[in-house]
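Everything on this sheet refers to the single structure shown next.
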Amino acid sequence: MTNAAFLAYAVDKAARDLTRTAAEIATEREVIGELFAARRHLGWIHGLFNQVAKALNSGADAPHLDATAQAVLNAARRMEDATDALLAHRDGGTAS
């Protein structure tokens, strides 16, 4: 499931579930809001990497590029793990 599909699914399910308390929904909405923000930030980082690629193609040096790329990859993996955990929690088992 893509991030966009998950976010749409999660928002729709939260809005339709009338059996849960407002506190549960608010907490989940906060988590979903944070996932939206993280996705937005990863998009900005993507744009910055495009600028780095352009600079490298122009002969610039990027001595910390490998470490930076690894940090971004780790952040993306953590976001994916959080998404999977939220899906598993919502579905009562392992996310698919």
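Only heavy atoms go into these numbers, but all of them, side chains included; no hydrogens, no water, no symmetry mates.
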Q.
Could you walk me through whether Thr68 and Val52 satisfy the side-chain contact (heavy atoms from CB on, under 4.5 Å) test, starting with their C-alpha distance in whole Å, then the side-chain angles of each, then the deciding distance to 0.1 Å, before giving a yes or no?
A. CA-CA 11 Å; Thr68 303; Val52 169; over 6 Å; no
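- Every residue two or more places apart in sequence or in another chain that forms a side-chain contact (heavy atoms from CB on, under 4.5 Å) with Gln51 is listed here: Leu48.
- Annotation: Asn50, atom CG; neighbour count of heavy atoms from other residues, nucleotides and ligands within 6.0 Å is above 12.
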Q: Please test Glu34 against Val31 for side-chain contact (heavy atoms from CB on, under 4.5 Å), starting from the C-alpha separation and ending with a verdict.
A: CA-CA 5 Å; Glu34 290 300 318; Val31 170; 5.7 Å; no
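- A donor-acceptor pair shorter than 3.5 Å can be found between the side chains of Gln70 and Asn74.
- For the atom pair Leu35 CG and Thr83 OG1, the distance stands at 4.5 Å (nearest 0.5 Å).
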Residues 56-63, side-chain donor-acceptor partners within the protein, below 3.5 Å, at least two apart:
{"unit_1": "Asn57", "atom_1": "ND2", "unit_2": "Ala53", "atom_2": "O", "d": "3.2"}
{"unit_1": "Ser58", "atom_1": "OG", "unit_2": "Lys54", "atom_2": "O", "d": "3.1"}

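- Counting only residues at least two apart or on different chains, the ring-ring contact (aromatic ring centres under 6.0 Å, His included) pairs with a member in residues 44-82 are His41-Trp44.
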